[in-house]
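One structure below.
In this chain, numbering begins with 1 at the start of the sequence shown. Start at 1 and go down the list; that is how both ligands and their atoms are numbered. Values below: every heavy atom of this structure, side chains too, minus hydrogens, waters and symmetry copies.
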Amino acid sequence: MAIDYSHQRPVPGSESHTMPHPHDDGDEDGRSDSDMSEGIVELSADEIPEYFQERGGRLFHSHGSCPYPLPVDAEEQQRQNGLHQLLRRLLGGELAVGPVREVLAALPGEQRRVLDLGTGTGSWVLDMAREYPDVRFYGVDIVPIATRYPPRNVLFEMHDIKEQFRYDTGAIDMVHARSVTMAIRDYGALLPEIARVLRRGGLFVSCEWGRRPAMADGSDVAARAPRALAFFDAIRSTLLERRGIQTVADRIPQLLADSGKFTHIVARTYHMPIGDWPDNPEMRELGREYREMVELYARSMRAVLLDGRWAAHADDLVQGYIDEIWSVPGLVSICHTVYARRG
Ligand SMILES: C[S@@+](CC[C@H](N)C(=O)[O-])C[C@H]1O[C@@H](n2cnc3c(N)ncnc32)[C@H](O)[C@@H]1O
């Protein structure tokens, strides 16, 4: 029945439900046979508006303590879904880097489990759930924008990822975190909790966009696309000054190493072309479609700029970036991926 697969949220005010599994390093391989849905209740349709607030004609999350700055409305959801498809093509058709198949290989008598942080519209989870129908997927977010009718092996939940997860220690086989660096101020602080829920040998996979473009040939982006750089520099300083959000995409491998809880850390970057400048027809098509997503991103970021010291220049900064993605060949976005095993 559809009601079984609607959004879920922790039972409020009940410690045994919201914090059922205290940190316990002594029980790292403990796995439960339940589907781990105790202690959560279905979110009713009339509660959903509470999770959103409108500003300047766009819809944002209403979660007071979360720094996440982007809108979560239909336009932004279209961008997230589009980006998901393009990223998959950039990764050669894969949904994630790393030994995913090996980690999710069936185990007699036990169900594999995957947790997706800041799941958004849930596009990654839904595609993974189709490829791995016997694996159980949990997608968590602070806004209920994923479908209310997911397949049987998917549960979408409301959860703030800076809080402790409700899952047992060692209960999860794979944690996936994509484009979540703006969701938290201290990415390093998230890692011990990810490590706690992962079983030994479990897989953490991250995928984050660098917060400034580059030139495919390694030339100086400041000289070739100064307005693009001005846009990103304004974003970076506004995010840091107004929301305490740091630029960490390229530092995640080091943060994983520093946590002391992960091994076999493998980092890899991919260049996504912005625009139809590549000679290779496949990359040209990818770049052409990606440029559309970049335009949506620039428009979503306008709201961020309006909130800081660049507010008076927000429209010029956005337009400057959009002009250059149409006129400067060779621009790329850098996608930083990393995977690591729970030690
Ligand atoms: C840029 S989107 C990425 C969505 C998805 N991971 C993807 O790659 O398609 C970031 C998502 O993180 C969610 N988010 C922001 N802050 C969060 C928090 N503190 N806890 C959980 N989710 C959060 C947002 O609501 C948004 O859906």
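- Scanning the protein heavy atoms around atom 9 (O) of ligand 1, the nearest turns out to be Arg178 NH2, 3.2 Å.
- Judged by the 6.0 Å and 45° rule, Arg55 forms a cation-pi pair with Phe60.
- Which parts of ligand 1 touch Val143 is read off a 4.0 Å heavy-atom cut-off, strictly below it: atoms 25 (O).
- Under the 3.5 Å distance criterion, with hydrogens and angles disregarded, a donor-acceptor pair is assigned to the side chains of Asp116 and His176.
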For Tyr167 and Tyr138: C-alpha separation, side-chain torsions, deciding distance, then whether ring pair (Phe, Tyr, Trp, His ring centres under 6.0 Å) applies. CA-CA 10 Å; Tyr167 315 108; Tyr138 302 89; 5.2 Å; yes
Passes ring pair (Phe, Tyr, Trp, His ring centres under 6.0 Å), Phe165 versus His159? Steps please. CA-CA 8 Å; Phe165 299 119; His159 177 77; 5.2 Å; yes
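- Short contacts between ligand 1 and Ser179, defined as distances under 4.0 Å to a heavy atom of the residue, involve ligand atoms 1 (C), 2 (S), 3 (C), 10 (C).
- Tyr68 OH, 3.1 Å is the protein heavy atom nearest to atom 1 (C) of ligand 1.
- Put simply, the side chain of Asp173 never gets that close to the backbone of Gly202: no donor and acceptor are under 3.5 Å apart.
- Among Val140, Thr119, Asp141, Leu70, the residue whose heavy atom lies closest to atom 27 (O) of ligand 1 is Asp141.
- Atom 21 (C) of ligand 1 has its closest protein heavy atom at His159 O, 3.2 Å.
- Atom 5 (C) of ligand 1 has Gly118 O, 3.2 Å as its closest protein atom, hydrogens excluded (heavy atom only).
- Between the side chains of Ser237 and Trp310, at least one donor N or O lies within less than 3.5 Å of an accepting N or O.
- Ligand 1 lies out of reach of Lys162, whose nearest heavy atom is not under 4.0 Å from it.
- Asp73 places no side-chain N or O within donor-acceptor distance of the main-chain N or O of Arg58, the cut-off being under 3.5 Å.
- There is a side-chain donor-acceptor pair under 3.5 Å between Ser300 and Glu76.
- Considering backbone and side-chain atoms alike, Val180 places every N or O at 3.5 Å or more from each N or O of ligand 1.
- By the 30° and 60° cut-offs, the orientation of the rings of Tyr297 relative to Phe231 is perpendicular.
- Under the 3.5 Å distance criterion, with hydrogens and angles disregarded, a donor-acceptor pair is assigned to the side chains of Glu47 and Ser44.
- Of the protein's heavy atoms, Ile161 N, 2.9 Å lies nearest to atom 20 (N) of ligand 1.
- Ranking the protein heavy atoms by distance from atom 16 (N) of ligand 1 puts Ala183 CB, 3.2 Å first.
- Polar contact with ligand 1: absent for Ile145 (N/O pair, distance under 3.5 Å).
- Annotation: Asp160 places an N or O atom under 3.5 Å from an N or O atom of ligand 1; distance criterion only.
- The nearest protein atom to atom 14 (N) of ligand 1, hydrogens excluded, is given as Ile142 CG1, 3.7 Å; this is a heavy-atom distance.
- Near Gln80, with a cut-off below 4.0 Å to any heavy atom, the atoms of ligand 1 are 2 (S), 4 (C), 27 (O).
- Judged by the 6.0 Å distance and 45° axis criteria, Arg284 is not positioned over the aromatic ring of Trp277.
- With a 4.0 Å cut-off on non-hydrogen atoms, Cys66 touches ligand 1 through its side chain and not its backbone.
- Heavy-atom distances between Met182 and ligand 1 stay at or above 4.0 Å for every pair.
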